[in-house]
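For reference, the structure is listed below as structure tokens.
Since we're looking at a predicted model, the values are computed, not measured. When reading the values below, keep in mind they use all heavy atoms of this one structure, side chains included, and skip hydrogens, waters and symmetry mates.
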Amino acid sequence: MLGKTVKWGATLFGVFLILQGLVPTLLIAHTVSINFPLIFGIIVIVLVWGVKKAVSWLKRSRWKKLRYVIYGTMGVFAASFVFVESLIIFHRTQEPSPSDVVIVLGAGLIGGKPTWILVNRLECAAEYLDTYPNAIAVVSGGLGSRETLTEASVMKQYLVEKGIAPERIIMEDRSTTTLENFELSKKILDEKLGNTYSVSYITNKFHVYRAGFIAKRKGLTASGVAAKDDYATIVSSYCREYFALVKYFLFN
């Protein structure tokens, strides 16, 4: 009974992940990063329904020792997933500190309006700029594949409507990745402020840990300011972040 409950529970979780990946894929863009929950959901369902049959077949074949490879791979994946997710969760909140500049990282648009994830970042940015009136902001985000406005222009307009003076907002409107967010923002800031400014960055809780590594790689000693996660996509966000972190450490 417990086995069936676990099996169907895992199946429903896989379907949930597929839907979590499919909706933003249709509404925002078709990218590997956005597709991670969809891919992960398919993998979960395949494993739940296929591993037992595969192992049974292997036991009857001359490749029966391969079942240990399957079990080992699953074990390594599970252990690494728990470890990486623990790092993400442990580092997702930091105390905001006063900085000369706060970089607000983009997170996509839908129909020319910020996604819920981006709204949370912008709300956090408005609060930060109200708390530290001497700080300026860099809104960072370029033109997406299905967008007619740059993220930076929409982000600036949002903050202006929140009462932030336009002269306190610098637009970086060419980036399409977190790495480019920091790289291009730093280039603008170096030209305007030299190299003596202090920096914070605003992103959602699930993204704080990885963003900090990327900022450091781009020569920015920056502290993270955690905006709220979007609860409608929180599971897929943390699952996707696992793959994004593994990819970053392996290939960067």
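- Environment of CD in Glu127: sparse, with no more than 12 heavy atoms of neighbouring residues, nucleotides or ligands closer than 6.0 Å.
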Open item on the list: I'd like to know whether Tyr197 forms a side chain to side chain contact (heavy atoms under 4.5 Å, CB included) with Asp190, so could you lay out the CA-CA distance, the side-chain angles of the two residues, the decisive distance to 0.1 Å, and finally the verdict.
Closed with: CA-CA 9 Å; Tyr197 55 89; Asp190 286 349; 2.7 Å; yes
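- Here the closest non-hydrogen pair linking Ser200 and Val225 is CB-CG2, 4.0 Å.
- Summarising the geometry of Ala125 relative to Val104, their closest heavy-atom pair is CB-CG2, 3.7 Å, with the distance given to 0.1 Å.
- Atom CD of Glu180 and atom OG of Ser140 lie 9.0 Å apart (nearest 0.5 Å).
- Looking only at distances, a side-chain donor or acceptor of Asp100 sits under 3.5 Å from a matching main-chain atom of Ser198.
- For the pair Ser153 and Thr150, the minimum side-chain heavy-atom distance is below 4.5 Å.
- Under the side-chain contact (heavy atoms from CB on, under 4.5 Å) rule, Val101 has a single partner from Ile188, Val138, Ile170, which is Val138.
- Val246 and Val82 fall into different hydrophobic clusters, defined by Ile, Leu, Val, Met, Phe, Trp and Tyr side-chain heavy atoms under 4.5 Å apart, directly or through other members.
- In this structure the side chain of Ile88 reaches within 4.5 angstrom of the side chain of Val84, judged on heavy atoms.
- Put simply, CZ on Arg217 and CZ on Phe182 are 12.5 Å apart, with the number rounded to the nearest 0.5 Å.
- The shortest distance between side-chain heavy atoms of Glu123 and Lys162 falls below 4.5 Å.
- Counting only distance, with no hydrogens or angles, the side chain of Arg121 and the backbone of Ala227 share no donor-acceptor pair below 3.5 Å.
- Minimum interatomic distance between Gly108 and Leu118 (heavy atoms only, all atoms of both residues): O-CD2, 3.5 Å.
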Open item on the list: Could you walk me through whether Thr177 and Ile214 satisfy the side chain to side chain contact (heavy atoms under 4.5 Å, CB included) test, starting with their C-alpha distance in whole Å, then the side-chain angles of each, then the deciding distance to 0.1 Å, before giving a yes or no?
Closed with: CA-CA 11 Å; Thr177 64; Ile214 296 173; over 6 Å; no
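- In the displayed structure, Lys218 atom NZ is contacted under 6.0 Å by more than 12 heavy atoms of other residues, nucleotides or ligands.
- Trp116 has its side chain out of reach of Lys228: every pair of non-hydrogen atoms, C-beta onward, lies at least 4.5 Å apart.
- For the pair Val199 and Ser99, the tightest heavy-atom approach, listed with the atom from each and the gap, is C-OG, 3.5 Å.
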TODO: Decide ring-ring contact (aromatic ring centres under 6.0 Å, His included) for Tyr132 and Tyr128; before the verdict, give the C-alpha distance in whole Å, the side-chain angles of both, and the deciding distance to 0.1 Å.
DONE: CA-CA 6 Å; Tyr132 304 110; Tyr128 184 94; 4.7 Å; yes
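- In the hydrophobic cluster analysis, where Ile, Leu, Val, Met, Phe, Trp and Tyr join through side-chain heavy atoms closer than 4.5 angstrom, Val208 is grouped together with Phe243.
- Thr178 contributes atom OG1, which lies 11.5 Å from atom CD1 of Ile103 (distance to the nearest 0.5 angstrom).
- Looking at Arg168, its side chain never comes within 3.5 Å of a backbone N or O of Ala137 through a donor-acceptor pair.
- Following chains of ILVMFWY side-chain contacts shorter than 4.5 Å, one cannot reach Phe90 starting from Phe81, and the two form parts of different hydrophobic clusters.
- Between Tyr248 and Phe213, the ring planes are tilted. Angles from 30° to 60° get that label.
- Clustering ILVMFWY residues whenever any of their side-chain heavy atoms sit less than 4.5 angstrom apart, transitively, puts Tyr238 in a cluster other than the one holding Leu12.
- At a threshold of 4.5 Å between non-hydrogen side-chain atoms, the residues Leu122 and Pro114 count as touching.
- Across Leu143 and Thr148, no two heavy atoms sit closer than the pair CD1-C, 3.7 Å.
- In this structure, Ser175 OG and Leu184 CG are separated by 6.0 Å, a value rounded to the nearest 0.5 Å.
- In this structure, the side chains of Val154 and Lys113 stay at 4.5 Å or more apart for every pair of heavy atoms.
- Using a 4.5 Å heavy-atom threshold, the side chains of Asn120 and Asp229 count as separate.
- The line from NE2 of His207 to CG of Leu245 is 8.5 Å long, rounded to the nearest 0.5 Å.
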TODO: Determine, stepwise, if the pair Asn181 / Tyr201 fulfils side chain to side chain donor-acceptor pair (under 3.5 Å).
DONE: CA-CA 10 Å; Asn181 285 149; Tyr201 62 89; over 6 Å; no
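- The two atoms that bring Tyr242 and Glu85 nearest to each other are CB-OE2, 3.3 Å, heavy atoms only.
- Rounding to the nearest 0.5 angstrom, the gap separating the CD atom in Glu172 from the CG atom in Leu105 is 10.0 Å.
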